[in-house]
Amino acid sequence: MNWSSPVTHHVLLVVFGVLGISSLIGLILSKRATTDAGRATVANLNARTNSWWVMVLVIFSALALGSIGTTIIFALVSFLALREFLTVTPTRSADHAALFVSFFMVLPYQFWLVHTQWYGMFVIMIPVYAFVLIPMLATLGGDVTDFLERSARTQWGLMVCVYFISHIPMLMSLKVEPLRMGPAGPVLFLIAVTQGSDVFQYVWGKLCGKRPIVPKLSPKKTVEGFVGGVLTASVVGACMFRLTPFNPWQAGLVALLLCITGFFGGLVMSAIKRARGIKDWGTLIEGHGGMMDRIDSLCFSAPVYFHVLRYFFAKD
């Protein structure tokens, strides 16, 4: 991260300014709440704000340490997400070898590839080699009960929680210009737009949401919230073009793409949760649920964003 850049200074001012104002509002509301329902709502808001303080500090600390710090942090994020994913999907004792290899060999090797910037192996290791290896290991257990479903769950967990997320630190290896904030800029753009879209959709949904998009999967997601949140986040993304090699209209279009893919990432993860009969993936992050509840939209937007940057803006 280029700490001397005015863009970096502006980003820090805006991010911590928004968090500071949110904390102040939460403090005021907590003193004014008079009903049990009101106090519960304010407590949830303050829990979410406090969690965002922690997440923002972790992200900026990782980016400050460069590609190594970012890679380590997102490797940990992937580990926690994969644990949540495979905890709520049924496995059997015959899957133990495949699970061990997934957690302690495939995952660290994928992020080692990020660290070494070996793109050729990075892009095929999980969708080719790991996908072949997982069912091979599963057969050694000799258990054919739901064999296809069990293998597919482990493969899908690796794809979503490890392969997709590993594209975030891999962004720092791309040679794109101009980067006024350094390699951290495109990473912050991705996170800010995708997570911002989730927040704006929530706000617009609360303000004027009436028609659920897919009520059986996520009854709180509305057409009005989706449209308002995506458009707002796209405009914000256009205003953040200085974090990227994009000009304003390119940043707006890419932000729109991230918002749409991120929305469907959240919807797909909601479908899995509903199929398993759970509300949240876990309780790791107060006010947000589990790690997967926080990064579900990033799982889908990160690889799309990486390849847009690589194929259309990166230099050989």
Side-chain angles (χ1 to χ4, degrees), residues 70-141 143 145-171 173 190 194 261-262 264-273 275-276 278 281-282 284 289-307:
T70 306
T71 301
I72 292 173
I73 288 297
F74 280 101
L76 178 60
V77 167
S78 282
F79 184 91
L80 295 172
L82 184 61
R83 185 184 67 174
E84 290 177 352
F85 188 95
L86 294 177
T87 296
V88 302
T89 54
T91 57
R92 298 170 68 86
S93 58
D95 300 318
H96 288 174
L99 294 176
F100 179 87
V101 168
S102 297
F103 277 102
F104 301 107
M105 296 181 67
V106 175
L107 188 155
Y109 186 55
Q110 178 71 10
F111 282 91
W112 173 257
L113 295 173
V114 173
H115 171 65
T116 59
Q117 301 181 9
W118 185 4
Y119 174 78
M121 183 58 72
F122 162 84
V123 79
I124 67 170
M125 198 275 289
I126 287 178
V128 176
Y129 296 108
F131 266 46
V132 170
L133 181 62
I134 293 304
M136 288 171 57
L137 292 173
T139 60
L140 298 178
D143 187 349
T145 304
D146 295 326
F147 179 83
L148 179 60
E149 291 84 354
R150 286 166 27 223
S151 297
R153 290 183 192 112
T154 306
Q155 291 172 322
W156 184 239
L158 282 173
M159 199 71 177
V160 174
C161 304
V162 182
Y163 184 68
F164 287 174
I165 291 301
S166 68
H167 284 77
I168 300 176
M170 195 65 171
L171 284 167
S173 69
L190 167 67
T194 306
T261 53
F264 279 101
L267 209 58
V268 169
M269 294 300 108
S270 292
I272 296 174
K273 287 191 291 184
R276 299 305 309 150
I278 60 173
W281 288 98
L284 178 66
M291 182 63 72
M292 278 299 298
D293 294 294
R294 189 63 274 148
I295 67 168
D296 52 5
S297 52
L298 281 170
C299 290
F300 276 45
S301 62
V304 173
Y305 178 60
F306 174 86
H307 289 290

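For the numbers below, each heavy atom of this structure counts, side chains included, while hydrogens, waters and symmetry mates do not.
Rounding to the nearest 0.5 angstrom, the gap separating the CZ atom in F131 from the OG1 atom in T154 is 10.0 Å. Here the straight-line distance linking atom CZ of R294 with atom CG of D296 works out to 7.0 Å at 0.5 Å rounding. The structure places CG of L86 at 13.0 Å from CH2 of W156, a figure rounded to the nearest 0.5 Å. Atom CE of M292 is separated from atom CG of L298 by 10.0 Å, given to the nearest 0.5 angstrom. One distance of note links CE of M269 with CD1 of I295; it measures 9.5 Å at 0.5 Å rounding. Note: L133 CG to Q155 CD = 10.0 Å, rounded to the nearest 0.5 Å.
More than 12 heavy atoms of other residues, nucleotides or ligands sit less than 6.0 Å from atom CE of M121. In Y119, the OH atom is crowded: over 12 heavy atoms of neighbouring residues, nucleotides or ligands sit closer than 6.0 Å.
Summarising the geometry of L113 relative to M125, their closest heavy-atom pair is CD1-CB, 3.9 Å, with the distance given to 0.1 Å. When all heavy atoms are compared, the tightest approach of V160 to F164 is O-CB, 3.4 Å. Pairing each heavy atom of S301 with each of G262, the nearest pair is CB-N, 4.2 Å. Residues L137 and A98 share a closest heavy-atom pair of CD1-CA, 3.9 Å. Scanning both residues, F300 and G265, for their nearest heavy atoms gives CG-CA, 3.5 Å. The minimum heavy-atom distance linking L82 with L158 is given by the pair CD1-N, 4.0 Å.
Residue pairs that meet the salt bridge (charged side-chain N to carboxylate O under 4.0 Å, His left out) test with at least one member in residues 94-109, sequence neighbours left out, are D95-R150. Sorted pairs that involve residues 97-121 and meet salt bridge (charged side-chain N to carboxylate O under 4.0 Å, His left out), not counting sequence neighbours, are lacking altogether. Evaluation of the salt bridge (charged side-chain N to carboxylate O under 4.0 Å, His left out) test over residues 106-132, restricted to residues two or more places apart or in two chains, returns none.
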(request) Test V123 against Y163 for side chain to side chain contact (heavy atoms under 4.5 Å, CB included), laying out the working first. (result) CA-CA 8 Å; V123 79; Y163 184 68; 3.5 Å; yes
Please report, to 0.1 Å, the donor-acceptor pairs under 3.5 Å made by any side chain of residues 73-81, with sequence neighbours excluded.
unit_1	atom_1	unit_2	atom_2	d
S78	OG	F74	O	3.3
S78	OG	C161	O	2.7

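Side-chain N or O atoms of S173 include one that pairs as donor or acceptor with a backbone N or O of M170 at under 3.5 Å.
At a threshold of 4.5 Å between non-hydrogen side-chain atoms, the residues I165 and C299 count as touching. A heavy-atom distance below 4.5 Å is not found between the side chains of F122 and Q117.
Residues meeting the side chain to side chain donor-acceptor pair (under 3.5 Å) test with D143, sequence neighbours left out: R92, T145. Listed by chain and number, the residues in a salt bridge (Lys or Arg N to Asp or Glu O under 4.0 Å) with R276 amount to none (sequence neighbours excluded).
For the ring pair (Phe, Tyr, Trp, His ring centres under 6.0 Å) with H167, the qualifying choice from F111, Y305, F306 is F306, the only one to do so.
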